[in-house]
Enquirer: 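Mind having a look at this structure? Questions to follow.
Numbers restart at 1 for each chain; the letters A, B, ... are given by sequence-line order, proteins then strands.
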Amino acid sequence: MSGTEEDPGAGSTVRHGLPELIGERREKARRLREADDQAFPYHFRGSEPIAEILSQYERLSAGDETEDKHRVAGRLVARREGGGAAFLDVVDRTGKIQLHARMDVLGEQRFAELTSLDIGDLIGVDGAALRSRRGEISLRVDSFALLAKALRPPPDTHRGLADVETRHRRRELDLIANEDVRRVFLDRAQIVRAVRAYLDSEGFVEVETPVLQPLYGGALARPFTTHHNLLERTLYLRIATELYLKRLLVGGLERVYELGKDFRNEGVSSKHNPEFTMVEFYEAYADYEDAAARLEALVGAAASAVAYAGELDFTVPWKRVGFMRAIAEATGVDLRAAANAPALAREITARQLALATEGASWGQMADGLLAKYVEPTLNEPTFVLDYPVELSPFAREHRSEPGLVERWEAFAGGIEIANAFTELNDADAQRQRFQAQREAAEGGDEEAQPFDEPFLQALEQGMPPAGGVGVGIDRLVMLLTGRDSIREVVLFPAMRD
RNA sequence: GCCCCGUUAGCUCAUCAGGUAGAGCCCCGGACUUUUAAUCCGGUGGGGCGGGUUCGAGUCCCGCACGGGGCACCA
């Protein structure tokens, strides 16, 4: 038997290049459509999550068969044929189940159609639960439908997709091939849910403020600039939600939060994506100590939502260390003794610290010392408290420490995950801070805050004392899923064209 | 922006003083009615891009693109 009448492509001399693989799959789809104009159903309702079926038959013995009917839908990832029987593995987002196809059940025609499916095709199956002789929970295929043809071959469904560039540019392939990647993004969704659930349950109101802003602010960063054609004006993509949210405190909403994307026009790295997700929440009549307790509770809730079992200990209270003390311990530099830029620069040089001092302000150098010599050492969850006012234009002056503000940043796993202050609600003091920022900008600081008159007018209306927190969601996800690159927790990270 | 490393078949990986580039999976044909990356037989596919050196370049040199790591900056 030559078999050529069944395969018009047999004998062709060129096969298996990508165009040939696609051509074969397309030809199969064409034949299916030709044979049956209902070959590709519009829906396949009532399928059960595979994981639920598996858990239902944990106690079934090897070799036992049931007549319990189940319906599943998913992607075909493996096929093991053996004459009149075949085993196929189908994956949905919850798990993988084996199908047992038998010619005596399906008939010769349907059996041949099933075994001629390609790896990567989407199928729907009705069948009865059983546990195979080798012990695997399976479905005996009573009927099936091809739900969609995969014209392109999938990545290796056994070993997974390894090429980092392909994984990030074509995340759909990554999700098909790598179960742990699927897990990370399902966990990410749970973490976001837990954050919202915590804030909702504490009486915070979720709000949405402008992403396109006439004036950016609320953080020290360079913005993306865009243009509105009909308004004929420059607009900026927000770098933070801070200033609008505080205007809502003025408006009396008392507890507000926003969870969404911020955009910063800066470098890309394993810890930085140009667009990233931040939740900021503001609480009237609270200070930065209250805010710290909130963060501890929020992170704890997120950790339990994904059943975090890593090495970090989120038991409250987390460690606390003063900003100046942390730097002194890590570098020996006494910031109170080196209280101006030239003095601090001399100190950094004398101690042979690898930090650029040329043209840097005192605040930039102090911040640099923290980022370089303290932050990487903060593995266990830690609050660094009481920052220099130079670094914090929106934080209120410390109630007892001159020159410092009531601000903390929270670190874990060697990265910063949150930033908070007792908010500055004195309109006149805030006006002076903006003035100082204006001077910094004139001095060439590209990250200085623009002068925000509408915000100042809001403060002049009266803002309650308040604590505010910003949490980097991507970094929190990195922490709780044990990933060391932000690209592993952002579905489509920024890439070059 | 700078430095280092990488780029071989649809996927995962080999190979080599500069001398016709191999395997597994996938795909095609065949055998097998309980397989587990099933097995067995047969078959098909390739050096990121552009230059240079050389009789001959995947391999050496130069440039470019993209990716990864580090530095700078940042959350």
Enquirer: Expected output is a numbered-order residue list: members of residues 74-90 of chain A with a heavy atom under 4.0 Å from any atom of RNA chain B. What is it?
Expert: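 Residues of residues 74-90 of chain A under 4.0 Å from RNA chain B: A/Arg79, A/Arg80, A/Glu81, A/Gly82, A/Gly83, A/Gly84, A/Ala85, A/Phe87.
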Enquirer: So, under a plain 3.5 Å distance rule, would you say the side chain of A/Ser132 forms a donor-acceptor pair with the base of B/U36?
Expert: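 Side chain to base: pair present.
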Enquirer: Considering only atom C1', compute the distance from B/C73 to B/G1 and round it to an integer number of Å.
Expert: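 After rounding to an integer number of Å, I get 10 Å for this pair.
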Enquirer: For A/Glu179 and B/A37, give me the distance from atom CD to atom P, rounded to whole Å.
Expert: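 Taking CD of A/Glu179 and P of B/A37, I get 15 Å after rounding.
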Enquirer: For a quick check of understanding: with a heavy-atom distance under 4.0 Å over all strands, which category does A/Glu416 fall into, base, sugar-phosphate or nothing?
Expert: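 Answer is sugar-phosphate: A/Glu416 comes under 4.0 Å of backbone atoms only.
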Enquirer: Going by the angle between their ring planes, with limits at 30° and 60°, are A/Phe434 and A/Phe455 parallel, tilted or perpendicular?
Expert: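 Ring orientation of A/Phe434 relative to A/Phe455: perpendicular.
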Enquirer: Suppose we define a pair by two distances each less than 3.5 Å, Watson-Crick or G-U wobble; what does B/U15 pair with here?
Expert: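 Across all strands, not a single nucleotide pairs with B/U15.
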Enquirer: Nearest whole angstrom, please: distance from the P of B/U7 to the CE of A/Met495.
Expert: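 Result: 17 Å.
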Enquirer: Tell me the interatomic distance from A/Arg167, atom CZ, to B/G10, atom P, rounded to whole angstroms.
Expert: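 The answer, rounded to whole Å, is 20 Å.
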Enquirer: Cationic tip of A/Arg407 within the cone over A/Tyr387's six-membered ring, i.e. under 6.0 Å and within 45° of the normal?
Expert: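 Yes - A/Arg407 lies over the ring of A/Tyr387, closer than 6.0 Å to its centre and within 45° of its axis.
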Enquirer: Between B/C32 and B/A23, how many Å separate the two C1' atoms, rounded to a whole number?
Expert: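 Taking atom C1' in both B/C32 and B/A23, they lie 25 Å apart.
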Enquirer: Could you measure the distance from the CD atom of A/Glu258 to the OG1 atom of A/Thr209? Nearest 0.5 Å is fine.
Expert: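 Output value for this atom pair is 3.5 Å.
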Enquirer: Just the rounded figure in Å: distance from C1' of B/A75 to CD of A/Glu266.
Expert: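 Atom CD in A/Glu266 sits about 8 Å away from atom C1' in B/A75.
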Enquirer: For atom P, what is the distance between B/A9 and B/G45, given to the nearest Å?
Expert: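 Those two atoms are separated by 15 Å.
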Enquirer: Which listed nucleotide (B/U34, B/A37, B/C26) is nearest to the side chain of A/Leu21?
Expert: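 Nearest nucleotide to the side chain: B/C26.
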Enquirer: Specify the separation, in whole Å, of atom CG of A/Asp262 and atom C1' of B/A75.
Expert: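 The distance from CG of A/Asp262 to C1' of B/A75 comes to 9 Å, rounded to the nearest Å.
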Enquirer: Check the interface with nucleotides 69-71 of chain B: list each N/O to N/O pair with the protein under 3.5 Å, or write none.
Expert:
| from | atom 1 | to | atom 2 | distance (Å) |
| --- | --- | --- | --- | --- |
| B/G69 | OP2 | A/Arg487 | NH1 | 3.0 |

Enquirer: By ring pair (Phe, Tyr, Trp, His ring centres under 6.0 Å), which residues pair with A/Phe263, not counting sequence neighbours?
Expert: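 Expected list: none.
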Enquirer: Between B/C4 and B/U44, how far apart are the two P atoms, rounded to whole Å?
Expert: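 That atom pair is separated by 44 Å.
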Enquirer: Do A/Glu52 and A/Gln56 meet the criterion of a side-chain donor-acceptor pair at a distance under 3.5 Å?
Expert: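 Distance-only check fails for A/Glu52 and A/Gln56.
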Enquirer: How far does the P atom of B/G19 sit from the matching atom of B/C26, given to the nearest Å?
Expert: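 Roughly 33 Å separates the two P atoms.
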Enquirer: Tell me the interatomic distance from A/Arg26, atom CZ, to B/G10, atom C1', rounded to whole angstroms.
Expert: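 Taking CZ of A/Arg26 and C1' of B/G10, I get 15 Å after rounding.
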Enquirer: Using a 4.0 Å heavy-atom cut-off, does A/Gly63 contact any base of the nucleic acid, only the sugar-phosphate backbone, or nothing at all?
Expert: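 A/Gly63: no heavy atom of the nucleic acid under 4.0 Å.
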Enquirer: Using a 4.0 Å heavy-atom cut-off across all strands, classify A/Asp163 as base, sugar-phosphate, or nothing.
Expert: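 Touches sugar-phosphate only.
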Enquirer: Side-chain N or O of A/Lys28 versus OP1/OP2 of B/C28: is the shortest distance under 4.0 Å?
Expert: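 Yes, within the criterion.
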Enquirer: Can you identify which nucleotide, out of B/G67, B/U33, B/G24, has its nearest atom closest to the A/Asp156 side chain?
Expert: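 The closest nucleotide is B/G24.
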Enquirer: On RNA chain B, nearest-nucleotide positions of A/Leu355 versus A/Leu130: which is more 5'?
Expert: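 Between the two, 5'-proximity favours A/Leu130.
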Enquirer: Establish, for the pair A/Arg79 and A/Phe87, whether the NZ or CZ atom is under 6.0 angstrom from the six-membered ring centre and no further than 45 degrees off its axis.
Expert: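 Ring-cation test returns no.
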Enquirer: Have a look at A/Arg351 and tell me which of A/Leu353, A/Leu355, A/Thr349 forms a side-chain contact (heavy atoms from CB on, under 4.5 Å) with it.
Expert: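 Of all the options given, the one that passes is A/Leu353.
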Enquirer: Would you say the side-chain atoms of A/Tyr244 and A/Glu242 include a donor-acceptor pair closer than 3.5 Å?
Expert: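 No, no side-chain donor-acceptor pair sits under 3.5 Å.
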Enquirer: Decide side chain to side chain contact (heavy atoms under 4.5 Å, CB included) for A/Phe144 and A/Val72; before the verdict, give the C-alpha distance in whole Å, the side-chain angles of both, and the deciding distance to 0.1 Å.
Expert: CA-CA 10 Å; A/Phe144 71 93; A/Val72 298; over 6 Å; no
Enquirer: Describe the nucleic acid contact of A/Glu65 in one word from base, sugar-phosphate, nothing, applying a heavy-atom distance below 4.0 Å.
Expert: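 Answer is base: heavy atoms of A/Glu65 come under 4.0 Å of a base.
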Enquirer: Rounded to whole angstroms, how far apart are CG on A/Asn419 and C1' on B/A75?
Expert: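 After rounding, the gap between these two atoms is 8 Å.
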Enquirer: Could you please spell out the steps behind the side chain to side chain contact (heavy atoms under 4.5 Å, CB included) verdict for A/Ile137 and A/Leu60?
Expert: CA-CA 8 Å; A/Ile137 296 169; A/Leu60 196 64; 5.7 Å; no
Enquirer: Could you give the distance separating B/U54 and B/C61 at their P atoms, to the nearest angstrom?
Expert: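 Here B/C61 and B/U54 have their P atoms 16 Å from each other.
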Enquirer: Categorize A/Ala162 for me: base, sugar-phosphate, or nothing, with a 4.0 angstrom heavy-atom threshold over every strand shown.
Expert: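 Sugar-phosphate only.
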Enquirer: Name the pairing partner of B/U39, where a pair is Watson-Crick or G-U wobble with both distances under 3.5 Å, or state none.
Expert: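 Here B/U39 is engaged in a pair, and the nucleotide opposite it is B/A31.
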Enquirer: Counting only heavy atoms not in A/Arg169, do more than 12 fall under 6.0 Å of its CZ?
Expert: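 Yes, CZ of A/Arg169 has more than 12 neighbouring heavy atoms, counting only those of other groups under 6.0 Å.
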Enquirer: I want to know whether A/Phe281 and A/Tyr257 have ring centres closer than 6.0 Å.
Expert: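 They do not qualify: ring centres at least 6.0 Å apart.
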Enquirer: Got a donor-acceptor pair under 3.5 Å from the side chain of A/Gln98 to the base of B/U35?
Expert: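 Yes, the side chain and the base share a sub-3.5 Å donor-acceptor pair.
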Enquirer: Give A/Ile22 one of three labels, base, sugar-phosphate or nothing, depending on what nucleic acid heavy atoms sit under 4.0 Å from its own.
Expert: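 The answer is nothing, as A/Ile22 stays clear of every strand by at least 4.0 Å.
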Enquirer: Let me know the distance between CZ of A/Arg159 and C1' of B/C13, rounded to the nearest Å.
Expert: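 After rounding, the reported distance stands at 7 Å.
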Enquirer: I'd like the C1' distance from B/A14 over to B/U7, given in whole Å.
Expert: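 Roughly 16 Å separates the two C1' atoms.
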Enquirer: A/Asn273 near the nucleic acid: base, sugar-phosphate alone, or nothing, with a heavy-atom cut-off under 4.0 Å?
Expert: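 If one applies the 4.0 Å heavy-atom cut-off, A/Asn273 turns out to touch a base.
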Enquirer: Closest approach to the side chain of A/Arg496, judged atom by atom: which nucleotide of B/U34, B/G10, B/G67 is it?
Expert: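 Of B/U34, B/G10, B/G67, B/G67 is nearest to the side chain of A/Arg496.
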Enquirer: Base, sugar-phosphate, or nothing for A/Arg152, non-hydrogen atoms under 4.0 angstrom?
Expert: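 A/Arg152: no heavy atom of the nucleic acid under 4.0 Å.
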Enquirer: With both distances under 3.5 Å as the test, what is the Watson-Crick or G-U wobble partner of B/A65?
Expert: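 B/U7 is the nucleotide pairing with B/A65.
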Enquirer: B/C41 and B/G24: how far apart are their P atoms, nearest whole angstrom?
Expert: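 Result for the P pair: 10 Å, nearest Å.
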